[in-house]
*Asks:* 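Here it is, the structure, as structure tokens.
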Amino acid sequence: MTVYIEPVVGRYVHVEIENAVNRIYFEENGSGIPLVCLHTAGSDARQWRHLLNDTCVTKDFRVIAFDMPWHGKSNPPENWTGDEYRLTTARYTETIRAFCKALSLDRPVVMGCSIGGRIVLNLAIDHAPEFRALIGLEAADFQAPWYDTSWLNRPDVHGGEICAALVSGLIAPQGPDAARRETLWGYKQGGPGVFKGDLYFYRVDGDLRGRVSGIDTGQCPLFLLTGEYDFSCTPADTLRTAGSIKGAEVVIMEKLGHFFLSNFVAISCQSWSALFSRTQPANMASVTLVRRVRS
């Protein structure tokens, strides 16, 4: 075996969020346009490792993926006293904006999956001028709850095992076995109550129905990509959402599920390059990734 050291670099940045210091871990690789990546609920930025190592992307983009506070290598804030963690729209939005400001990023592209896809819509509603483009993976303005979150943080149930079991069906059957296991391993390592706390945003506080029609894609292009095997955020959810947003572009990804990143290796270099090239104003030509539907 040939020894290989990845070019990805990990660092910590101290960011003030809601008047408290947060020590946030992030990884980056590449140069050019900043591309900030947001992980799914209950997991961490390890999900983006394939993108961070994809030279088709990193030759033009500075890819940055960070662990939200309470997730991965980012601890809770210094003033946390052990109370129940609940992610809100306001805190999530402030976290992303504060992180981008701390790194002095000039109008970055932001791409988020699942809860990250939902908050991308909120960024488009309230802060579009701050971003070059916004990309929502498995994103919609609202999804009806399909499970009982009380099981996610109980003393008589193994938290990691139940979190992984809950999301396991959202991985497309065509996904590589190793990628499937890696996705579930991340969920098995989440902190107590963190997945449940993230879902407070996803199921309750982050309901954007009635607001997305105010998104101006002339200020900031918006791309929505959803896997056809996703029964949490279904293609119908994404298409319904995009139907209220003039100029939003939608791609329904064949043979992919909710955990878009688990099947990252199945997405060709040319497809990623085509998508990200659209975030540059000089290149607005038509692009098809797998199957494209224009709203």
Side-chain angles (χ1 to χ4, degrees), residues 8-18 20-28 35-52 63-100 102-103 110-120 122-123 136-139 149 152-153 158-164 166-167 170 182-206 232 258-262 264:
V8 179
V9 175
R11 297 174 177 168
Y12 284 93
V13 60
H14 292 224
V15 180
E16 185 173 305
I17 304 166
E18 293 188 339
V21 175
N22 288 256
R23 183 171 178 260
I24 292 180
Y25 177 75
F26 69 98
E27 295 181 344
E28 66 172 300
L35 172 61
V36 177
C37 302
L38 311 176
H39 59 75
T40 65
S43 193
D44 57 61
R46 284 177 292 177
Q47 294 177 323
W48 295 102
R49 71 179 183 90
H50 295 292
L51 185 65
L52 283 159
V63 182
I64 307 166
F66 72 94
D67 292 342
M68 289 276 290
W70 279 273
H71 300 72
K73 292 185 177 181
S74 296
N75 289 334
E78 293 181 355
N79 67 346
W80 183 57
T81 59
D83 50 312
E84 181 182 6
Y85 164 71
R86 278 189 172 185
L87 182 64
T88 64
T89 305
R91 180 180 178 85
Y92 202 176
T93 300
E94 183 179 348
T95 298
I96 298 164
R97 296 178 71 212
F99 177 80
C100 292
L103 295 188
V110 174
M111 177 165 65
C113 186
S114 189
I115 64 167
R118 176 75 62 80
I119 201 63
V120 156
N122 192 67
L123 295 176
L137 310 179
E138 318 307 321
T149 58
L152 300 180
N153 190 24
H158 189 290
E161 293 282 4
I162 192 64
C163 290
L166 182 69
V167 303
L170 295 172
E182 183 176 318
T183 297
L184 299 182
W185 183 251
Y187 272 85
K188 292 177 181 180
Q189 294 182 318
V194 171
F195 187 24
K196 179 182 178 183
D198 284 340
L199 294 179
Y200 176 77
F201 159 75
Y202 198 56
R203 293 170 45 134
V204 181
D205 194 68
S232 178
H258 186 77
F259 294 97
F260 201 91
L261 310 173
S262 297
F264 184 91

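By convention here, the first residue in the shown sequence is residue 1. Just so you know, these numbers use all the heavy atoms, side chains as well, and skip hydrogens, waters and symmetry mates.
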*Asks:* Does Thr40 reach the main-chain N or O of Ser114 with its side chain, forming a donor-acceptor pair under 3.5 Å?
*Replies:* no
*Asks:* Is there side-chain contact between Ile115 and Leu87, with heavy atoms separated by less than 4.5 Å?
*Replies:* yes
*Asks:* Got a second to check how far Lys73's NZ is from Glu27's CD, nearest 0.5 Å?
*Replies:*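 The distance works out to 6.5 Å.
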*Asks:* Hey, does the side chain of Trp80 reach the backbone of Asp83 with a donor-acceptor pair shorter than 3.5 angstrom?
*Replies:* yes
*Asks:* Determine, for Arg118 against Glu138, whether the closest basic-nitrogen to carboxylate-oxygen distance falls under 4.0 angstrom.
*Replies:* no
*Asks:* Verify the distance criterion only: is there a donor paired with an acceptor across the side chains of Asp205 and Thr89 at less than 3.5 Å?
*Replies:*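 There is such a pair between these side chains.
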*Asks:* Shortest non-hydrogen contact from Ala65 to Leu52?
*Replies:*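 In this case the closest contact between Ala65 and Leu52 is CB-CD1, 4.4 Å.
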*Asks:* Please determine, by modelled atom types, if Thr149 and Tyr200 share a side-chain donor-acceptor pair under 3.5 angstrom.
*Replies:*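 No, Tyr200 and Thr149 have no side-chain donor paired with an acceptor closer than 3.5 Å.
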*Asks:* How far does CZ of Phe259 sit from OH of Tyr187, to the nearest 0.5 angstrom?
*Replies:* 3.5 Å
*Asks:* Return the minimal non-hydrogen interatomic distance between Ala102 and Val15, and the atom names on each side.
*Replies:* CB-CG2, 3.9 Å
*Asks:* Heavy-atom distance under 4.5 Å between the side chains of Met111 and Trp48, does that happen here?
*Replies:*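 Yes - at least one pair of side-chain heavy atoms lies under 4.5 Å apart.
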*Asks:* Do Leu51 and Leu35 have side chains that get closer than 4.5 Å, going by heavy atoms?
*Replies:*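 Yes. Closest side-chain heavy atoms under 4.5 Å.
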*Asks:* Measuring only between side-chain heavy atoms, which start at C-beta, is Pro77 closer than 4.5 Å to Glu18?
*Replies:* no
*Asks:* Drop me the distance from Leu103's CG to Ile64's CD1, to the nearest 0.5 angstrom.
*Replies:* 5.5 Å
*Asks:* Ignoring hydrogens and geometry, is there a side-chain-to-backbone donor-acceptor pair from Asp198 to Gly42 under 3.5 Å?
*Replies:*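 The answer is yes, because a donor-acceptor pair under 3.5 Å joins these two groups.
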*Asks:* Can you tell me how far apart CG (Asn75) and CG (Asp67) are? Round to the nearest 0.5 Å.
*Replies:* 10.0 Å
*Asks:* Which heavy atom of Leu199 sits nearest to which heavy atom of Ala41, and what is that distance?
*Replies:* CD2-CB, 4.3 Å
*Asks:* Once rounded to the nearest 0.5 Å, what's the spacing between atom CZ of Phe66 and atom CD of Glu28?
*Replies:* 13.5 Å
*Asks:* Would you say the side chain of Tyr85 lies within less than 4.5 Å of the side chain of Val194, judging by non-hydrogen atoms?
*Replies:*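 Yes, at least one pair of side-chain atoms sits under 4.5 Å.
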*Asks:* Is Ser74 reaching over with its side chain to a backbone N or O of Tyr25, donor-acceptor style, under 3.5 angstrom?
*Replies:* yes
*Asks:* Would you check if there is a donor-acceptor pair between the side chains of Asn122 and Thr93 at a distance under 3.5 Å?
*Replies:*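 There is such a pair (donor and acceptor under 3.5 Å, judged by atom type) between the side chains of Thr93 and Asn122.
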*Asks:* Given 3.5 Å as the limit, does a donor-acceptor pair link the side chain of Asn22 with the main chain of Ala20, or not?
*Replies:*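 A pair under 3.5 Å: yes.
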*Asks:* Shortest non-hydrogen contact from Ala164 to Lys188?
*Replies:* CB-CG, 3.7 Å
*Asks:* I'd like to know if the side chain of Arg23 and the backbone of His14 have a donor-acceptor N/O pair within less than 3.5 Å.
*Replies:* no
*Asks:* Between Arg11 and Phe26, is NZ or CZ placed under 6.0 angstrom from the six-membered ring centre and within 45° of the ring axis?
*Replies:*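 Here Arg11 fails the 6.0 Å and 45° test against Phe26.
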*Asks:* So which atom in Val120 and which in Gly112 form the shortest heavy-atom distance, rounded to 0.1 Å?
*Replies:*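 The pair with the smallest heavy-atom distance is CG2-N, 3.8 Å.
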*Asks:* Quick check: does any side chain N or O of His39 sit under 3.5 Å from a backbone N or O of Met68, one acting as donor and the other as acceptor?
*Replies:* yes
*Asks:* Assess whether side-chain contact (heavy atoms from CB on, under 4.5 Å) is satisfied between Phe195 and Val167, documenting all intermediate values.
*Replies:* CA-CA 11 Å; Phe195 187 24; Val167 303; 3.7 Å; yes
*Asks:* Does any part of the side chain of Lys196, heavy atoms only, come nearer than 4.5 Å to the side chain of Glu84, both counted from C-beta?
*Replies:* yes
*Asks:* Check whether any side-chain heavy atom of Gln189 lies under 4.5 Å from a side-chain heavy atom of His71, and answer yes or no.
*Replies:* no
*Asks:* Quick check: closest heavy atoms across Ser232 and Tyr202, and the distance to 0.1 Å?
*Replies:*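 Closest pair (atom of Ser232, atom of Tyr202, distance): OG-OH, 4.0 Å.
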*Asks:* What distance separates Arg97 CZ from Ile17 CD1, expressed to the nearest 0.5 Å?
*Replies:* 12.5 Å
